[in-house]
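Have a look at the structure below before the remarks.
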Amino acid sequence: MSRALPVVAFFVVAITSAVAAGDQRAASAGQPAVTPVASHSTGVMLPAEQNALVKTYCVGCHNDRNKDRTSGLSFQSFDAAAITDHADVGERMIRRLRSGMMPPVGAKRPDAATIASLVTAFETRIDRAAALNPNPGWRPSQRLNRAEYQRAVKDLLAVDVDVNAYLPADTLSDGFDNIADSQTISSTLMEGYLRAASQISRLAVGDRNASPTSTTWKVPRTASQMRHVEGAPLGTRGGLSVLHVFPADGEYHFKIMLHMGPTGDLFGGPYRGEQIEVSIDGERVALMDINPRMNEQDPNGLTMQTPKVNIKAGQHRISAVFVQHFDGPADDLIMPIEHTLADTNIGEVFGTTALTHLRDFTVSGPLSVTGVSETESRRKIFTCRPTTALEESACAADIVRKLASQAYRGTVHADDLKDLMSFYERGRKGGDFESGIRHAVQAILASPRFLFRIEQLPSTLKAGQTYRIGDSDLASRLSFFIWGSMPDAELLKTASQGTLRTPVVFEKQLKRLLTDSRSEALSTRFASQWLRLQDVEKVRPDHHFYSYWDTTLSQAMVRETELFVDSLIREDRPVTDLLTADHTFVNERLAKHYGIPNILGDQYRRVTIADVNRRGVLGQGSVLLLTSIADRTSPVLRGKWVMEVLLGSPPPPPPPNVPLLEETKAVEDGKTLSTRERMEMHRKNPACNSCHRVIDPLGLALENYDVTGVWRIKDNGAVVDPVGDLYDGTKLDGPIALRNALLKHQDVFMLSFTESLMTYALGRRVESYDMPAVRQIVRDAKAKNYRFSAFISGVANSAAFRMGRVAPVETTTEAR
């Protein structure tokens, strides 16, 4: 069960009760003040002292009478000596105490040293019990999600395809898309896997009998087309540049559709001299003039089609872009506003300077097939070539065995090979040798052994028993953790030798995987989901207020954060650098947005951040944008993000019938209110105040950043006021103070980071029985200056990662 609601719901309600009761709480309960920190003889706080502290400072709210208001938590009968019997409750107490959220501000609370001793006593007892009875946890078999499927196909067949066209979206749980018990299995999904297997095998092997098909890419209205697109030839602007796999040598043609203006005619102007070119791998294959009256002359609207183009099979970069005819001073006049079509009236406002925009780009074919050239995929697949019919079967078996052993991430048994060869024989019977191989490849991609990460379970164990996983399964866990894909040949070979489980060999392989370029998955997969970067595309700032924004900028912000985290991992920096690092990565578009000079082009470069406010992820546009809404900042969303992502303490959902902030009036006495002023009015509602007094100060500390992450000093004419009080009483007055407050509670930040890393690595939620291991990982990492490698190695060497547990009886019963 997710900890999101029970972890925090009780403390928010408790804050309201405690503040109302004030310091009279202990007196009304008839309890004396408690000051002892630890037993003089042992230096460790004894259970009796722990009980006295809980009774004095917690029972006033968390009692039997108030259970309905505190998520069912009552400490009236609390016994510290028996905390291991209710470890889930103990862990919730530890989290609240460590973060400083409990006891709440305004209520009577012991000094910091006493709280620290109490937490240490709780943790020590729970950790000792866990060491005597380790529980690595249980999860059902994982299946490959979209990203893992795409990466595995690329590693197996050297084919890079957009699997979103075949597979439905993955379910997110606890922020991640690889949580096993949230992965649904539907007929739609299985049909998608089958369609993907059919098409991918065709693209990888090549298809001499290919029928014409079409693939279309769309450029959103909110994308800027004023700048050079990465991958396109120099001297061009806008349009798009993509990788596409052609199934055979032959003739293809391309269709281009342009965006319309608000009146239905061609968007942009002037049109004289405007041209659009199509190129293959940087070589121009078509150049077309744009006719401003094409909508009137063409019954199909604003479309253009190239002549037939001969293209060889395999993956090629295709670009449809505009020839750039402007530069210098004219460029300076146009560039301040990127000219997207987000505002439907923009063509009227900027009609004299805005240029034409590409809408759709379609490739169709092959219209005729002339053969299949050698490609990287074919070289990877056809490791042997039969010269006679008698050699075909043995060669096919060798090809199929090698591909299947990598795809299945382990040994290919005789029955597996027999099944796959039956597909080869079926394809060979209806075609040639390559047709047979294509059918076998299709069967491999559709096999449960490829699609599901099924681990071998010892047959002698009973329900609930633990065991050490085999080397092949360990190799699979490790590669999907670090690379987001299946093991390579070296890792599989090491596993087959039975030496991967040994400490020296395991650490050697872990370091190898981390230094490989594929470990960027830790930033583009793990960190991206942990930081909620997938939410950036959901926010589209209102162009009436933020005319400089476009989707190109949003994409640059996401890429900035991915490159930033990747640099920290590769340089093995401390995890605290996520908050404090004085560098980032920008291209020209993003540098201009941040006000960083002397950055030109679409390549990302590492730059030093001079502005201390901008350092770390809290100053990056991606985080600031995803925690905003279209026309204003949202201190609530920003505060919630800090609590959920950085502190691991997501707030509960608002109670029913609580009015939205948008329902709070935006104008008073003829004056437009700032976001803070509207929030102050909103918080006057008692039902809102209990939560917002905890969340808002965190978000208001970032209020100097507008929706798109630009620094500002005023909001709707009012001076931005970022001042507030953190839940532990710390004063906040901006990003620097917030960063320092988080570093003050860096033990909580480290625990939250480790929990998220372990959740991603295990493919299941971290439960209370995992927390002793999480704490040990953090303790070990502290001795190594909290470097990223220490956390990654700690998770990979944990019992939860290297061991398994047979499903409990109640779980297996439910499954049946």
Side-chain angles (χ1 to χ4, degrees), residues 2 137-157 159-201 406-410 444-455 473-488 491 513 518-538 558 562 565 755-766 795-796 800-801:
S2 172
W138 173 84
R139 68 164 190 215
S141 296
Q142 287 178 280
R143 64 166 174 81
L144 301 189
N145 56 33
R146 276 179 170 182
E148 293 167 342
Y149 184 93
Q150 182 169 3
R151 287 170 179 266
V153 165
K154 184 177 181 179
D155 289 345
L156 180 67
L157 301 173
V159 175
D160 195 357
V161 296
D162 179 13
V163 298
N164 296 346
Y166 307 105
L167 306 181
D170 295 304
T171 301
L172 290 178
S173 179
D174 278 35
F176 297 104
D177 60 9
N178 66 341
I179 306 303
D181 65 8
S182 294
Q183 293 182 319
T184 57
I185 307 295
S186 64
S187 58
T188 301
L189 174 68
M190 300 316 297
E191 289 171 3
Y193 278 139
L194 293 175
R195 285 189 293 109
S198 176
Q199 179 66 1
I200 292 170
S201 61
Q406 186 178 0
Y408 293 173
R409 306 173 285 278
I444 290 172
L445 296 178
S447 169
R449 286 200 62 187
F450 174 68
L451 299 175
F452 293 86
R453 293 168 53 187
I454 302 172
E455 297 182 346
D473 292 333
L474 181 60
S476 185
R477 285 193 181 189
L478 186 62
S479 65
F480 276 101
F481 173 30
I482 307 299
W483 288 348
S485 183
M486 59 190 183
D488 63 358
L491 189 56
L513 266 64
R518 283 170 286 186
S519 66
E520 52 84 28
L522 286 170
S523 62
T524 60
R525 292 274 299 129
F526 161 67
S528 180
Q529 293 187 78
W530 171 51
L531 298 174
R532 310 297 189 257
L533 298 189
Q534 67 271 10
D535 291 341
V536 168
E537 66 177 8
K538 300 176 183 177
V558 171
E562 291 175 345
V565 176
E755 286 179 81
S756 295
L757 186 65
M758 182 173 277
T759 297
Y760 175 78
L762 298 179
R764 67 168 175 80
R765 300 170 194 83
V766 169
V795 169
F801 191 85

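Hydrogens, waters and symmetry mates are skipped; everything else that's a heavy atom, side chains included, is used.
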Given side chain to side chain contact (heavy atoms under 4.5 Å, CB included), test L144 with F452 step by step and report yes or no. CA-CA 6 Å; L144 301 189; F452 293 86; over 6 Å; no

Under the salt bridge (charged side-chain N to carboxylate O under 4.0 Å, His left out) test, which residues partner R143, sequence neighbours left out?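 R143 satisfies salt bridge (charged side-chain N to carboxylate O under 4.0 Å, His left out) with D170 only.
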
Which pair of heavy atoms, one from [X] and one from [Y], lies closest together, and at what distance?
X	Y	answer
Y149	A196	OH-CB, 3.5 Å
M486	A152	CE-O, 3.3 Å
R764	G137	NH2-CA, 3.8 Å
S201	L445	N-CD1, 4.3 Å
V795	L757	CG2-CD2, 3.9 Å
F801	A761	CE1-O, 4.0 Å

Looking only at atom types and distance, does a side-chain atom of [X] sit under 3.5 Å from a main-chain N or O of [Y], one as donor and one as acceptor?
X	Y	value
Q150	D160	no
S198	L194	no
W483	L513	yes

Would you say the side chain of [Y] lies within less than 4.5 Å of the side chain of [X], judging by non-hydrogen atoms?
X	Y	answer
P168	E191	no
L762	F481	no
N178	Q529	no
I179	L172	no
P487	L478	no
L189	T184	no
S485	R518	no

Just do the salt bridge (Lys or Arg N to Asp or Glu O under 4.0 Å) check on E520 and R151 with the steps written out, would you? CA-CA 12 Å; E520 52 84 28; R151 287 170 179 266; 3.1 Å; yes

Audit row: I185, M190, side chain to side chain contact (heavy atoms under 4.5 Å, CB included) steps and yes/no: CA-CA 7 Å; I185 307 295; M190 300 316 297; 4.1 Å; yes

Partners passing ring-ring contact (aromatic ring centres under 6.0 Å, His included) against Y760 (at least two apart in sequence or in another chain):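 F176, F526.
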
Atom pair [atom1] ([X]) and [atom2] ([Y]), whose distance is rounded to the nearest 0.5 Å:
X	Y	atom1	atom2	value
Y408	L156	OH	CG	10.5 Å
L474	S479	CG	OG	9.5 Å
D162	R146	CG	CZ	8.0 Å

What's the verdict on ring pair (Phe, Tyr, Trp, His ring centres under 6.0 Å) for Y193 and Y166, showing C-alpha distance, side-chain angles and the deciding distance? CA-CA 7 Å; Y193 278 139; Y166 307 105; over 10 Å; no

Quick one: do the Q406 and R409 side chains pair a donor with an acceptor below 3.5 Å?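 Distance-only check fails for Q406 and R409.
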
In sequence, state the C-alpha distance, the side-chain angles, and the governing distance for D181 and R765, and then conclude on salt bridge (Lys or Arg N to Asp or Glu O under 4.0 Å). CA-CA 9 Å; D181 65 8; R765 300 170 194 83; 2.8 Å; yes

Is it true that atom CD of Q534 has more than 12 heavy atoms of other residues, nucleotides or ligands lying nearer than 6.0 Å?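 Result for CD/Q534: enclosed.
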
Is the shortest side-chain N to carboxylate O distance from D535 to K538 below 4.0 Å?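 Yes, charged N to carboxylate O under 4.0 Å.
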
Under 4.0 Å between a side-chain nitrogen and a carboxylate oxygen: does that hold for E562 and R525?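 R525 and E562: not salt-bridged.
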
May I have the step-by-step check of side chain to side chain contact (heavy atoms under 4.5 Å, CB included) for I454 and R449, ending in yes or no? CA-CA 7 Å; I454 302 172; R449 286 200 62 187; 5.6 Å; no

